[in-house]
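From a predicted model like this one, the values you see are computed outputs, not experimental measurements.
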Amino acid sequence: KVPPLQLPLPLEATSAEEEELVAGDSDDRDPAADQDSSPQASLRSASTAFHRGRDSDALAHLKACFEATGDDKAGISAKAACMTAYGEMQLVGIEGLPRNYTAALELFQEAADLGDPDAQYNLGMLYGSSHSPSEDSRWQEAQAVLHFYAASTAGHPGALMAMGYRHMQGYGVPKACTTAALNYIDVAKRIANVYSAGMPQAVELIRLNLHHKDRKVISSSEMNLFVQIATSGDTTVAYAIGKRYLLGIEGFRQDYRKAKHYLRLAANRNHPGALALLGYMYCLGLGTPVNLETAYSYFVSAASQNDPLGHNGLGYIYFRGTSAQARNLRLAFHHFNESAFGGSSDGMFNLASMYLTGTGADQNFQRAVLHYTQALDRGHTPAAYSLAVMHLNGIGTVRDCGIAVNLLKKVCERGEWVSSKLVDAYEHGEQRPDRAALLFLKLAEAGHEVAQMNVAHILDSGLSDLLYPGPQANEESPAEDNRVHSKALAQRFYELSAEQGSASSELRLGDYAYYGWGTSASLRETEDEESDLSGDGGAEEGLLPTFDEGELELRPQPIDYEAALARYRKTADMTVTGEWMQAFVARGSFNLGFMYQFGLGVSQDLNLAKQHYHRCREVDPSGIHTPVTMVLMTLGAHIFMLRLPSREVLIGRLAQDVRVHVAVLHLAAIIILIVVRMRFARAPPRPRSSRRQTGVPASPAHSGAAASPGAERERPDHFHLH
């Protein structure tokens, strides 16, 4: 079965009091929740205060939560949920409650014993991601699988995703595609139904290891500028802002009231996109009462300008039928076809659904697969679910469990359980890294690749020591132990992310091998590994398999240039599927060229080094190329030096070359001339001869002056001409 044929609709309308106002921010407090004294209301208020950074309020609400619980089944369940929330606060450490890893683990265990699925999931998360050389890693992995499975039986979406991910990859459990699909499909079905009845707030995937200039997130100053431009009468900007408020993307929190305001500004000037989105809002009752007649008029106005969303809206009206418009499947098919031809993913999905079910058109599975695939290429979540079901059952396409599981995983990662945690984690950011790391860690254990990379980056950069079992770094606990522990944890999540094709994680693992960071694992053989398996006491058929190949040993990873080279080569060979990958693939090529240039882990090959340096420029043409230019110049000098013969051969060849002798003679002559010139230049000047010495007779005037002793004193002050 495929999801119902409906328009996109967000999960729920957020009250205007909880969102930002046009002129500023409003208070995050919920007065209705404050008046409700039930444990569930106190727990919700505590969770909201915790994620907003109001630690004292969070502790007060949790205290009220514990006090409001009873001894009945509901009270015990509420108490367990409150204990789980308290354990999370103690795990990250808040004001008035210092961080205590051991106490948090005990709280999770107690709540899990009471049947709380969130506590069971947290235990599985901690056991799966913990790094303790003194503990048996296989026992920890078994505990993680046990608690994930227990939480999945209660329908916990994260636990179902975690078990599906582990069965898909074979982490701690047998690799079984069918079992992975069974875990994913329950969560995916609920999410696809939500999307087919609407569209929750979209969430951008932000990779924390990217520079801020490379992140596609709008700043608050830019947001205010666009709001001013829209208010001044720019219909294009008003439509863009209204659409972002409607969907909640690019830094705009979902707000139907603001969306309606800006869309009306654009619709008043007959903007087709704004008209279509206003039709959606009236059709689905987003921030306004449902009014299909008003929606129909907006859709007609938008479709008259050939807007794809307007055609899709008209197709929905004709498919469903209203009191004013009779149901007409032929017109519905026509408008869905026009919408799909115009590039609307909703129109493609609806057209494919009509082909699949044979409603309004002849049933055609191949065309259904074609249009579902086109919608999937544009990020349509229900289309991904429909294609997954078709691949699982071999309808209109070959039966392929692997493709189906990957599609189901993609659907699950767009659900509310994932998106809400991503939004909170991005809001915490670098101001509260421990809380961001906890949220990313939950998603990472469920198989979310971006979360795996982000939590690895937070641990690797030393922003958080969330999973360090000892005290925080101080005089009693050296920072070096904390750093080594964080590096080992980060390595695990880098490896999980790299297995899913992350170029940045693959590159970072190459750095780990190059510098000797992290840990390496090996099996240590036991002396009596077969002594207990023989005879009557051996393993019986049907029991769980035993591990007899030895004990797993963890030790610091040594410097391994060959492993680093393999990681860099894998990164450099990746196909760039997104703009964010360019810098990492280029760095992989650069590192590969460096290792070929100096023969690190591979035979020296300067030509290959030059090729990799040039490919670095080709992959990332907008990147910083100054280092590449400098290293290419160095490589040229390196090639020239290596091409020179040995010293003995060079001296022999120069001695046999007549031109060298002539050049040496010329050089010697030039040096001699320069020395002679400098010597003449330093010689004292010759004194000038007097007139008497030259034989010139003195004049009478001069004779008289010389003969008269008082001539000098009697010389007048002024001369007169006669």
Side-chain angles (χ1 to χ4, degrees), residues 129-135 137 209 452-453 455-465 467-468 473 478-525 550-574 583-613 615-616 627-628 630-632 634-635 638 642:
S129 57
S130 63
H131 171 73
S132 177
S134 61
E135 296 287 345
S137 59
N209 61 343
Q452 290 171 347
M453 195 281 304
V455 70
H457 173 73
I458 292 176
L459 295 172
D460 187 15
S461 58
L463 294 175
S464 172
D465 55 356
L467 299 178
Y468 187 59
E480 180 65 19
D481 295 341
N482 200 338
R483 187 188 67 83
V484 172
H485 182 268
S486 298
K487 288 283 186 185
L489 287 178
Q491 181 185 4
R492 174 180 182 266
F493 290 107
Y494 278 137
E495 289 174 350
L496 294 176
S497 176
E499 284 293 326
Q500 300 193 63
S502 173
S504 61
S505 298
E506 194 73 49
L507 179 72
R508 193 58 177 163
L509 286 174
D511 295 340
Y512 268 59
Y514 186 89
Y515 293 106
W517 297 335
T519 60
S520 60
S522 62
L523 293 174
R524 182 172 53 196
E525 297 293 337
E551 185 179 348
L552 192 64
E553 181 183 9
L554 297 177
R555 61 180 183 275
Q557 180 175 228
I559 295 176
D560 191 342
Y561 290 140
E562 294 182 358
L565 185 76
R567 294 285 188 181
Y568 291 147
R569 180 179 288 112
K570 188 174 180 180
T571 306
D573 292 340
M574 286 184 178
F584 299 106
V585 175
R587 285 174 56 190
S589 298
F590 183 89
N591 293 347
L592 203 59
F594 182 85
M595 298 188 76
Y596 270 109
Q597 180 180 353
F598 295 99
L600 301 175
V602 69
S603 301
Q604 190 178 49
D605 193 329
L606 300 184
N607 291 326
L608 271 178
K610 186 176 182 180
Q611 291 178 13
H612 287 297
Y613 287 144
R615 191 178 187 280
C616 178
V628 182
M630 294 177 63
V631 79
L632 282 174
T634 306
L635 179 63
H638 193 175
L642 290 179

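Closest approach of Gln557 to Trp517, counting heavy atoms only: NE2-O, 2.5 Å. For Ser497 against Met453, the heavy-atom pair with the smallest separation is OG-CB, 3.8 Å. Contact detail for Ala488 and Thr519: the closest heavy-atom pair is CB-CG2, 3.9 Å. For the residue pair Ala572 and Gly588, the shortest heavy atom distance occurs at CB-C, 4.0 Å. In terms of heavy atoms, Ala498 sits closest to Glu506 at CB-OE1, 3.4 Å. Closest approach of Tyr613 to Leu632, counting heavy atoms only: CB-CD2, 3.7 Å.
Under the salt bridge (charged side-chain N to carboxylate O under 4.0 Å, His left out) criterion, the residue pairs touching residues 489-498 are Glu445-Arg492, with sequence neighbours excluded.
Atom OG of residue Ser486 and atom CD1 of residue Ile458 lie 11.5 Å apart, to the nearest 0.5 angstrom. Atom OG of Ser505 and atom CD of Gln452 lie 8.0 Å apart (nearest 0.5 Å). In this structure, CD in Gln491 is found 10.5 Å from CG in Leu496, a value given to the nearest 0.5 Å. Note that CG of Leu592 and NZ of Lys570 are 14.5 Å apart. Values are rounded to the nearest 0.5 Å. A distance of 8.5 Å separates CZ in Phe598 from CG in Leu635, rounded to the nearest 0.5 Å. Atom OG of Ser502 sits about 7.5 Å away from atom CZ of Phe584, to the nearest 0.5 Å.
Tyr561 has its side chain within reach of Met595: a pair of non-hydrogen atoms, C-beta onward, lies under 4.5 Å apart. A 4.5 Å side-chain heavy-atom check between Val585 and Arg615 finds at least one atom pair inside the cut-off. Asp511 is listed as a side-chain neighbour of Asn591, based on a closest heavy-atom distance under 4.5 Å.
No side-chain donor from either of Asp560 and Tyr512 sits under 3.5 Å from a side-chain acceptor of the other. A side-chain N or O of Asp460 and one of Tyr494 form a donor-acceptor pair less than 3.5 Å apart.
Each of Tyr514, Phe590, Phe594 was scored for a side-chain contact (heavy atoms from CB on, under 4.5 Å) with Tyr568, with one residue passing: Tyr514.
Checked by atom type and distance alone, the side chain of Thr571 pairs as donor or acceptor with a backbone atom of Arg567 at under 3.5 Å. Judged purely by atom type and a 3.5 angstrom limit, Glu562 has no side-chain atom pairing as donor or acceptor with the backbone of Gly601.
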Would you list the atom pairs, donor with acceptor, under 3.5 Å between side chains in residues 602-611 and any protein atom, with sequence neighbours excluded?
{"unit_1": "Gln604", "atom_1": "NE2", "unit_2": "Gln597", "atom_2": "O", "d": "2.6"}
{"unit_1": "Asp605", "atom_1": "OD1", "unit_2": "Asn607", "atom_2": "N", "d": "3.3"}
{"unit_1": "Asp605", "atom_1": "OD1", "unit_2": "Leu608", "atom_2": "N", "d": "3.2"}

